[in-house]
Colleague: 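Quick one: the structure is below, questions incoming.
Just so it is clear: chains get the letters A, B, ... in the order the sequence lines come, proteins before strands, and each one is counted from 1. Hydrogens, waters and symmetry mates play no part in the numbers below; they use all other heavy atoms, side chains included.
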Amino acid sequence: MTSRTGTTALSAARAGVAAIWCGTLMAAALTIDHPVGLFALLAAVIWAGWLAGAGQQLRKASRFALPLALMVVGVNAIVSRDGITVIARLGEIPVLGRLDITLEGLVYGAVLGLRVVLVSLAAVLFTAVVDQDELLGLVRRRSGRFGLAASVAGRLMPLLAADGARMAEARRAVPKTLAVSRFDLVSSIATGALDRAADAAAALELRGLGEGPCLAPRAHRPWSRHDFGLLISSMACCAVVTAALIGGWVDFQSASSIRAAWGLGLAMTVVVLPLVLVAPLFERRGVGG
Amino acid sequence: MERRVAIELTDFSYKHPDSSRKALDGINLSIREGEFVVIAGESGAGKSTLVRAIAGLAPAFDGGTAAGSIVVCGLNTRDNGPAGIARVCGTVLQDPERQVVMNTVRAELALPLESRGNSDASTARGVEEVALLLGIGDLLDRRLQDLSGGELQRVSIAAALAVRPAVLLLDEPTSQLDPVAADDLAWSLRRLNEEQGITVVVAEQRLERLLPAADRVLALADGAIACDAGPEEFLRWGSAGAGSLSTPAARLFVASGLADCPISVKEARASLARQGFTAVSPEPEETLASGSQRSRLVGRFSRKDPGADAALSISGLWDERPDGRAILKGIDLTVEPGEVIALMGRNGAGKSTLLRHAAGLLKPSRGKAAVSGRVAYLSQTPGAYLAGERLGDCVPIELLEEAGLAGLADRHPRDLSGGEVQRAALALVTASGSGVEPPALVLLDEPTRGMDMGNAEGLLARISYHASQGAAVVVATHDPELAAAAAQRTVLMGEGTLLVDARSVDVLTGGWYFATETARILDGAGGALLPQQGADLLAAAGVGR
């Protein structure tokens with residue numbers, strides 16, 4: 001987990017509000033079924049990431065998210081028993097039985113895969129631009145023990161990543177015949193996680209965090225235009241998604257046959273949704289970049 | 001007025017889990033408020049264990065069994081966990097990467113203040129003051145993962161100091177620092193001790209920087225206190241018996257047969273002046289050539305292309321990062337077979353990056369690094385080379401035998417000392433035979449970090465061996481004594497460029513920071529870098545012996 005000083009409202013706003021904005025984005029991705037609506041949200045994530053200077057992180061994350069999405073499409077196509085439009089007959093397979101690939105199963109898998117990509121990229125945007133330290137501080141104020149556990153977990157990831165990078169580099173520097181196998185390397189990193197967790201917990205104790213809940217009085221911090229902007233954007237996103245769901249503008253189902261809503265409502269949703277989400281990021285005053 | 005006791009150990013013993021030997025054995029110790037205490041000892045003597053026990057980590061976090069008691073400012077470590085002890089005692093452990101917990105420097109410094117319930121304003125003030133004290137104001141908004149080891153070390157110390165503890169405990173705080181930062185830190189600790197009255201307890205291998213500030217030195221051997229005395233008496237004790245627990249200045253005086261080992265360069269100079277020694281230092285302009293000047297001289301007087309038979313030839317090498325920073329800026333460097341060169345410079349100068357380019361682990365933005373054969377590269381973290389449950393699974397037994405570690409084949413690499421890990425990893429990367437060609441280039445990054453003198457001498461022997469076999473050796477180090485003992489040539493780096501590339505004797509005698517202690521005492525006279533060379537010079541001048 002890392003935090004990044006970016007140059008948009010997402011980094012300038014209070015962490016709680018920026019987290020709500022990212023959470024709204026993920027919730028919308030999990031609520032909307034229509035692939036066109038999901039593509040609109042994907043456009044919003046990429047646009048926001050680009051504006052926030054997190055394009056490189058999103059590109060890196062997509063290298064893992066895309067293969068994962070393809071795997072979801074493939075598995076769903078194989079295991080799905082729904083759908084009437086058979087596009088390939090694979091015959092009898094031991095254990096699995098008769099396998100037919102249907103268009104509906106493939107399309108539903110594609111929607112799931114798209115959702116995986118979307119949620120992954122939104123999560124990466126969240127870790128890249130939201131101040132994790134401030135967020136952990138908020139958690140600690142509510143519950144000291146939970147905050148401690150969250151801090152250890154948060155610290156563990158970069159420590160293990162650094163261990164992995166060092167071990168991989170060391171492996172490259174050793175003569176090939178003497179180098180440990182990849183399996184041993186991964187196993188060593190995994191078994192080292194316990195040591196690293198103990199290190200992180202010890203460090204937190206030495207900073208005085210094990211002494212019970214932190215009840216530091218907070219100074220009043222006035223709400224900035226970025227706080228308001230992101231909160232209004234989140235509320236507007238919720239309103240658009242709710243209206244689209246109630247109005248049936250983003251209806252989509254692929255259980256037995258493929259049926260999708262097409263029309264002005266859908267067109268309005270896919271245009272308005274990204275604009276509503278990205279609009280506050282164009283406010284550059286006071287972002288410190 | 002009698003000062004109160006800050007730290008009291010009564011018959012304290014501690015045994016690590018799964019160990020039959022006591023790491024600390026019946027320690028009785030009383031440290032008074034405002035004292036500056038240095039803990040000395042060879043690797044494995046128990047220095048770090050003592051620090052961890054006083055901080056409340058051993059056995060609460062480390063496991064194992066303990067007997068006796070430790071009381072820190074009235075708090076017993078049995079009844080108060082590390083967090084409780086942290087109320088009165090700031091602790092800085094050896095590896096700074098393992099003790100930072102937040103994402104930015106500002107948040108790291110604010111955390112201990114927040115966790116004590118300080119208000120936002122009080123936290124902000126505390127962060128600002130401690131950042132100014134440690135000279136890290138410009139790092140406040142940087143991400144911790146982007147900092148160098150030395151910068152992380154200073155941030156860790158600042159975080160420990162943020163709550164203005166009554167006691168400050170440090171375990172090898174200068175091990176990752178360049179000579180400039182290490183001197184700054186020594187002065188900061190002295191100021192905190194003298195002006196703020198903070199009790200300072202420092203475990204350290206390199207004693208020369210801290211002895212002038214110390215009230216007491218505790219020497220540990222096999223988990224027990226072998227010497228508890230003032231710095232002068234400790235040096236007399238160290239020089240008489242355990243020569244490895246000494247300073248270069250003390251070794252110079254002992255080798256010269258002079259009485260009263262000095263605890264500082266100033267004292268050593270004064271003592272020599274009283275003996276009638278006057279140093280004549282060489283003019284820096286006569287001896288030093290910049291990297292580019294050296295290349296021109298080579299080209300003018302030699303028909304041979306300097307890179308033709310080189311073991312390592314780096315030309316016009318740039319390393320530019322996506323955020324626009326240039327880590328290396330047009331480096332030109334040639335190392336011949338059998339040559340040993342030392343790479344020195346401040347933290348963040350680009351030494352490690354240059355070694356990684358030479359090892360082929362990084363891709364340059366421009367320029368190239370060519371090597372004539374196999375490269376053996378040992379990074380700053382030798383433990384990363386030993387990925388396995390047993391040492392014998394990571395390193396073949398014949399290599400362990402060569403390194404004198406065959407008896408440890410069944411141990412987990414995590415349970416080895418720093419020196420043992422370093423020797424095993426070095427044996428692994430420099431292995432040859434059985435289809436593995438011997439290395440043409442050996443690259444060592446900070447190999448003496450946290451190493452005692454005995455292990456450092458073993459390392460010097462390995463370096464000499466590889467050079468005698470025709471390998472070029474490049475050692476990145478903050479240790480001028482190592483550079484002087486091992487390298488014919490020293491390259492000084494700064495801000496990603498080569499500032500000076502010259503004979504070690506020329507580089508290490510002319511400076512204030514990048515100079516050996518012997519050279520600083522003798523003002524570079526006669527090109528003496530090491531205590532024995534200094535003693536020979538003094539003998540020739542009729543001083544001592």
Colleague: Under a 4.5 Å heavy-atom cutoff, which of A:Glu169, A:Arg172, A:Gln56 has the most pairs with chain B?
Modeller: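 Heavy-atom pairs under 4.5 Å are most numerous for A:Glu169.
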Colleague: In terms of heavy-atom proximity below 4.5 Å to chain B, should A:Ala202 be classed as side chain, backbone, both, or neither?
Modeller: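 Contact with chain B is through both the backbone and side chain of A:Ala202.
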Colleague: Taking all atoms of both residues into account, what is the closest heavy-atom pair of A:Asp133 and B:Thr104, and its distance?
Modeller: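 It is OD2-N, 2.9 Å.
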Colleague: Is it the backbone or the side chain of B:Ala359 that comes under 4.5 Å from a heavy atom of chain A, or both, or neither?
Modeller: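 Neither part.
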Colleague: Do the non-hydrogen side-chain atoms of A:Thr191 and B:Glu389 ever get within less than 4.5 Å of each other?
Modeller: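 With C-beta onward as the side chain, the pair touches.
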Colleague: Quick check: does any side chain N or O of A:Thr177 sit under 3.5 Å from a backbone N or O of B:Val436, one acting as donor and the other as acceptor?
Modeller: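 No: the side chain of A:Thr177 does not pair with the backbone of B:Val436.
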Colleague: Please indicate whether A:Phe282 has more than 12 foreign heavy atoms, meaning atoms of other residues, nucleotides or ligands, lying under 6.0 Å from its CZ.
Modeller: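 More than 12 heavy atoms, drawn from other residues, nucleotides or ligands, come within 6.0 Å of this atom.
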Colleague: Can you tell which part of A:Ala162 gets under 4.5 Å to a heavy atom of chain B, answering side chain, backbone, both or neither?
Modeller: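 Side chain only.
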Colleague: What do you reckon, is CZ of B:Arg390 surrounded by more than 12 foreign heavy atoms closer than 6.0 Å?
Modeller: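 Yes, the 6.0 Å shell around CZ holds more than 12 heavy atoms from other groups.
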Colleague: Can you tell me how far apart CG (B:Leu57) and CD (A:Glu205) are? Round to the nearest 0.5 Å.
Modeller: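 Going from the CG atom of B:Leu57 to the CD atom of A:Glu205 covers 8.5 Å.
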Colleague: Show me the side-chain donor-acceptor pairs of residues 92-101 of chain B shorter than 3.5 Å, one per line, residues at least two apart or across chains.
Modeller:
unit_1	atom_1	unit_2	atom_2	d
B:Gln94	NE2	B:Ser48	OG	3.1
B:Asp95	OD1	B:Glu97	N	3.1
B:Asp95	OD2	B:Arg98	NE	3.4
B:Glu97	OE1	A:Arg166	NH2	2.8
B:Glu97	OE2	A:Arg166	NH1	3.4
B:Arg98	NH1	A:Asp199	OD2	2.8
B:Gln99	OE1	B:Leu93	N	2.8
B:Gln99	NE2	B:Leu93	O	2.6
B:Gln99	NE2	B:Asp95	O	3.4

Colleague: Under 4.5 Å from any heavy atom of chain B, what part of A:Leu159 do you find: side chain, backbone, both or neither?
Modeller: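 Answer is side chain: those atoms of A:Leu159 sit under 4.5 Å from chain B.
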Colleague: Testing the basics here: between A:Arg207 and B:Ser115, what is the closest heavy-atom pair and its distance to 0.1 Å?
Modeller: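 Taking every non-hydrogen atom into account, O-OG, 3.0 Å.
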Colleague: Please state whether the side chain, the backbone, both or neither of B:Phe61 comes within less than 4.5 Å of a heavy atom of chain A.
Modeller: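 It is the side chain, since no backbone atom gets that close.
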Colleague: Might you point out which heavy atoms bring B:Ala384 and A:Ala170 nearest each other, and give the distance in Å?
Modeller: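 In terms of heavy atoms, the two residues are closest at O-CB, 3.6 Å.
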Colleague: Need one label for B:Val429: side chain, backbone, both or neither, based on atoms under 4.5 Å from any heavy atom in chain A.
Modeller: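 Its backbone and side chain both get close to chain A.
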